[in-house]
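What follows is a single structure, written as C-alpha cells, with notes after it.
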Amino acid sequence: IKSILMFSLFAFISAGCSKDNTVTSVTETETLIYQRDGIIESFGGDCSAVQVRTSSFGILDLSNSRKIKFELYGMSDADLSSIVIYYLNENDEQVNLVNLPHRDQINSTKTIEINNPQYSGEILLRLTLKSSVCTGQIYHIELRDVKIYSIN
C-alpha cells in the first residue's frame with residue numbers, strides 16, 4: 001500500500017509538472033515627459049509663520065497615458081509640511097495629482113504612480129513649511145530631482 005501511495009503521489013506531481021504553465025505578460029512603456037534635476041525648491045523658517053511657495057512645471061500633456069509616474073526626492077524636518085503637485089480644472093478647482101501631507105510622507109517618497117488624470121495643461125507645485133513645535137528652531141523643506149513619466 002505504501003508503494004502504491006508513493007507511485008500515485010509521484011504520478012500526480014509529474015502530471016502537474018508537465019502542464020503548460022505559459023505566463024502572458026504585458027510590457028509597459030515608460031516615456032519621460034518632464035525632468036528637472038537639482039533643487040527645485042528649498043527654504044527654511046521657524047514656527048512663527050506658515051511659508052508657502054508655489055511654482056509651475058509648465059504645460060504637460062497627461063491625457064494620452066494609461067498611468068503617470070512621478071519620481072521625486074523631498075525632505076522636511078517640520079511635522080506639518082506638505083508637498084502637492086496639482087492642476088486647476090475648468091472650474092478653477094484644485095485637483096491633486098500628488099499629495100504628501102506631512103513630513104513622514106515627504107521623507108519616504110521616491111516614486112508615485114497614479115491613474116491617467118485625462119488632463120493637458122499647466123501642472124503646479126506647492127510646498128508648505130509648517131511646524132506644530134515652537135522652540136525657536138529653524139525648519140527646512142526641500143524638493144529636488146523631479147521626473148514625470150507617461151506609462152502606456
Side-chain angles (χ1 to χ4, degrees), residues 12-14 16-152:
F12 176 75
I13 291 172
S14 295
C17 290
S18 66
K19 289 185 181 177
D20 181 18
N21 293 326
T22 304
V23 176
T24 305
S25 65
V26 176
T27 304
E28 291 184 338
T29 303
E30 291 184 359
T31 304
L32 183 64
I33 57 175
Y34 180 88
Q35 179 174 356
R36 188 162 165 201
D37 295 325
I39 295 174
I40 295 170
E41 285 287 351
S42 179
F43 57 97
D46 63 16
C47 65
S48 63
V50 175
Q51 293 191 46
V52 179
R53 298 235 179 122
T54 302
S55 58
S56 174
F57 287 129
I59 306 296
L60 298 177
D61 185 0
L62 308 179
S63 61
N64 296 320
S65 306
R66 193 175 57 76
K67 289 187 172 206
I68 303 296
K69 180 171 88 171
F70 296 86
E71 287 184 2
L72 53 94
Y73 299 92
M75 186 287 300
S76 182
D77 55 2
D79 60 337
L80 302 177
S81 292
S82 64
I83 295 176
V84 180
I85 298 173
Y86 66 99
Y87 65 90
L88 299 174
N89 68 14
E90 62 275 353
N91 298 322
D92 283 333
E93 297 168 330
Q94 180 175 312
V95 179
N96 293 345
L97 300 171
V98 173
N99 184 15
L100 308 173
H102 55 77
R103 170 185 60 205
D104 295 337
Q105 287 186 335
I106 292 170
N107 292 337
S108 64
T109 301
K110 295 204 181 355
T111 302
I112 300 166
E113 280 190 23
I114 63 168
N115 290 326
N116 182 339
Q118 296 297 322
Y119 176 75
S120 180
E122 187 173 26
I123 304 296
L124 301 162
L125 167 68
R126 182 174 53 245
L127 276 71
T128 303
L129 180 64
K130 181 178 178 185
S131 178
S132 65
V133 179
C134 202
T135 62
Q137 175 182 348
I138 299 298
Y139 295 98
H140 186 255
I141 188 168
E142 179 177 292
L143 179 66
R144 63 180 303 124
D145 301 327
V146 173
K147 293 179 182 175
I148 303 174
Y149 295 90
S150 168
I151 300 174
N152 287 315

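Along the sequence shown, residues carry numbers from 1.
Looking at residues two or more places apart in sequence or on another chain, you find a side-chain contact (heavy atoms from CB on, under 4.5 Å) between Ser56 and Glu122, Leu124. Partners of Ser120 under the side chain to side chain donor-acceptor pair (under 3.5 Å) rule, at least two apart in sequence or in another chain, do not exist in this structure. Take Ser108 and apply the side-chain contact (heavy atoms from CB on, under 4.5 Å) test, not counting sequence neighbours, and it matches no residue. The side chain to side chain donor-acceptor pair (under 3.5 Å) test applied to Ser132 returns Asp79, not counting sequence neighbours.
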Which pairs of donor and acceptor atoms, one on a side chain in residues 144-152, lie under 3.5 Å apart (sequence neighbours left out)?
residue: Asp145; atom: OD1; partner: Gly38; partner atom: N; Å: 2.6
residue: Ser150; atom: OG; partner: Ser65; partner atom: OG; Å: 2.4
residue: Asn152; atom: OD1; partner: Arg66; partner atom: N; Å: 3.0

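Taking the side chain as every heavy atom from C-beta outward, Pro117 and Leu97 approach each other to under 4.5 Å. With contacts defined as side-chain heavy-atom distances shorter than 4.5 Å, the pair Ile33/Leu62 qualifies.
Applying the side chain to side chain donor-acceptor pair (under 3.5 Å) test to pairs two or more places apart or on separate chains, those with a residue in residues 95-107 are Gln94-Asn96. Annotation: ring pair (Phe, Tyr, Trp, His ring centres under 6.0 Å) contacts involving residues 66-95, sequence neighbours excluded, comprise Tyr87-Tyr119. Under the salt bridge (Lys or Arg N to Asp or Glu O under 4.0 Å) criterion, no residue pair touches residues 82-102, with sequence neighbours excluded. Sorted by first and then second residue, the ring pair (Phe, Tyr, Trp, His ring centres under 6.0 Å) pairs with a member in residues 29-59 read Tyr34-Phe57; sequence neighbours excluded. For residues 125-139, the set of pairs meeting the salt bridge (Lys or Arg N to Asp or Glu O under 4.0 Å) definition, not counting sequence neighbours, is empty. The disulfide bond (SG atoms under 2.5 Å apart) analysis of residues 29-92, with sequence neighbours excluded, yields the pairs Cys47-Cys134. The list of salt bridge (Lys or Arg N to Asp or Glu O under 4.0 Å) pairs with a residue in residues 29-51, not counting sequence neighbours, reads Glu30-Lys69, Glu41-Arg53.
Across all their heavy atoms, Ser81 and Leu129 have their closest contact at OG-CD1, 3.4 Å. The two residues Ile83 and Glu142 have their closest heavy-atom pair at CD1-O, 4.4 Å. When every heavy atom of His140 is checked against every heavy atom of Asp77, the shortest pair comes out as N-OD1, 2.7 Å.
Between Leu80 atom CG and Thr128 atom OG1 the span is 10.5 Å, to the nearest 0.5 Å. One finds the CG atom of Leu143 at 11.5 Å from the OG atom of Ser76 (value rounded to the nearest 0.5 Å).
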Worked verdict on Ile123 versus Ile85 for side-chain contact (heavy atoms from CB on, under 4.5 Å) = CA-CA 7 Å; Ile123 304 296; Ile85 298 173; 3.6 Å; yes
task = Begin with the C-alpha distance, continue with both residues' side-chain angles, and end with the deciding distance and a verdict on side-chain contact (heavy atoms from CB on, under 4.5 Å) for Leu125 and Ile40.
result = CA-CA 10 Å; Leu125 167 68; Ile40 295 170; 3.8 Å; yes
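Listed for the Ser82 side chain is no donor-acceptor partner under 3.5 Å among the backbone atoms of Leu100.
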